[in-house]
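Okay, structure first, notes after.
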Number of protein chains: 2
Amino acid sequence: MKPLIQTFVMHFGEMGSRWGINRTVSQIYALLFVSREPLHADAIVEALNVSRSNVSMGLKELQAWRLVETQMEPGDRRLYYRAPEDVWDIFRTLAEERQRREVDPTLSMLRSALLSEPACEDERHAQQRMEQMHEFIEMLTGWFAEVQRLSPQTLTRLMRLGSSVGRLLELADRGGRLPSPN
Amino acid sequence: MKPLIQTFVMHFGEMGSRWGINRTVSQIYALLFVSREPLHADAIVEALNVSRSNVSMGLKELQAWRLVETQMEPGDRRLYYRAPEDVWDIFRTLAEERQRREVDPTLSMLRSALLSEPACEDERHAQQRMEQMHEFIEMLTGWFAEVQRLSPQTLTRLMRLGSSVGRLLELADRGGRLPSPN
DNA sequence: CACTTGTTTCAATAATTACTGAAATTTCAG
DNA sequence: CTGAAATTTCAGTAATTATTGAAACAAGTG
């Protein structure tokens, strides 16, 4: 593997493991991300110097996360893997999957905790805090879910607007009037 | 520990470990988050049923992340720990720390990779991909850094606006005219 | 259907990460 | 100072998670 690519792949593996993603899985992904053409499993084995079975499991994991796509080459029985082109798309998929796997279960845990009758002052307070957390997570993820339905280029423009939209609101709070959107 | 709180703390520990945060650290934080009053280390030991040294290390970690505050009670030599009240604040701190520890180093790795002269077509392509990633991360985190300087209530209002700001932009893209902000 | 090629599964093992208890350190009251 | 209380450190151990190799499986091919 070229040093340039090696550095990137290793760094990515390190980062992945800090975010709770298996090191090899992250490395496989990084490698596919920078590769000019799709790779088959054995090419990955050679590049990363890990076992064939490890690569197989890693690719399976990445497919479960919808982060890689497969394709066949004519006259070749091996499967070729590639990462989607658009970085926004990748980010969106990652966010959706983590929402489904981690955030949604948390929200439902919180909701069911909020249903029980508090038996003492401590429980009452704990429920209040859980409600705050629930509301916060719902707002954040709800906003995100709405916003990510916008097209990548609109998103980019929205980001580039930076905080100016917020500053507008802040001005309004200080007694100004918000210009009507119509 | 009350069952209501126990469920919350355990769930949080589980989630933490999926996001690369030590299980005990997450549990300590969850416990402090729902507690009506600040707790001292031994109270945490008792509630979570882990060793005193584990709690000590966990609290140290949380302090390094600026996620807990300490206070003294009069006539008591023990340190009392508590989590900040405001959930936005908590989120912001977490985001800032992860930015500093993980995102910034990644950006600088990418930048230095982009400086080297590509030696072949593969490297040229890899650099292009790294540039895309660099641009994306910078945009996202830059936007976030700007936006999080807004006050919590402005942020809340911005979120509640949902994607309507984006829909406005999208309309403009389809040939309409954007109302001037002046 | 026997054989080749590619892929997956899974029990055993390796590597990593977390946790503990004993000892060291800090802090403060008397 | 001295000693008691609180906390921290750290080497050893436990628990968890990742990786491997061997075997099973699947899908063509001649």
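Order of the sequence lines fixes the chain letters, A, B, ..., with proteins taken first and strands second; residue numbering starts at 1 for each chain.
A:E14 places its CD atom 12 Å from the C1' atom of C:dT16, with the value rounded to the nearest Å. Distance A:N54 CG to C:dT13 P: 18 Å, rounded to the nearest Å. When the P atom of C:dT8 is taken as reference, atom CG of A:D42 falls 11 Å away, rounded to whole Å. The separation between B:I44 atom CD1 and C:dC19 atom C1' is 16 Å, rounded to whole Å. Rounded to an integer number of Å, the gap from B:K60 NZ to C:dT25 P is 15 Å. Separating the CZ atom of B:R52 from the P atom of D:dC10 is a distance of 16 Å, rounded to the nearest angstrom. Atom CZ of A:R78 is separated from atom P of D:dA26 by 22 Å (rounded to the nearest Å). Summarising the geometry, the separation between CZ on B:R18 and P on C:dT17 is reported as 19 Å, rounded to the nearest angstrom.
B:S51 has no side-chain polar atom (N or O) that falls below the 4.0 Å cut-off from OP1 or OP2 of C:dC19. Contact between the side-chain N/O atoms of A:S53 and the OP1/OP2 oxygens of C:dT7 is not found at any separation under 4.0 Å.
Side-chain proximity of B:M57 to C:dT7, C:dT17, D:dC10: nearest is D:dC10.
Among the protein residues, B:N22 comes within range of the sugar-phosphate backbone only, with heavy atoms under 4.0 Å from sugar or phosphate atoms but none that close to a base.
A donor-acceptor contact under 3.5 Å links the side chain of A:R77 to the base of D:dA27.
Here the side chains of A:H125 and B:V34 are not in contact, with every heavy-atom distance at 4.5 Å or above.
Using a cutoff of 4.0 Å between basic side-chain nitrogens and carboxylate oxygens, B:E146 and A:R167 are scored as salt-bridged. Looking at B:R66 and B:E96, a side-chain N of the basic residue comes within less than 4.0 Å of a carboxylate O on the acidic one, giving a salt bridge.
With respect to A:H134, the side chain to side chain donor-acceptor pair (under 3.5 Å) criterion is satisfied by exactly one of A:R129, A:Q127, A:R111: A:R111.
Each of A:S17 and A:D76 was matched to the nucleotide of DNA chain C holding its nearest heavy atom; the match closer to the 5' end belongs to A:D76.
In the model, B:Q99 has a side-chain atom that pairs as donor or acceptor with a side-chain atom of B:D104 under 3.5 Å.
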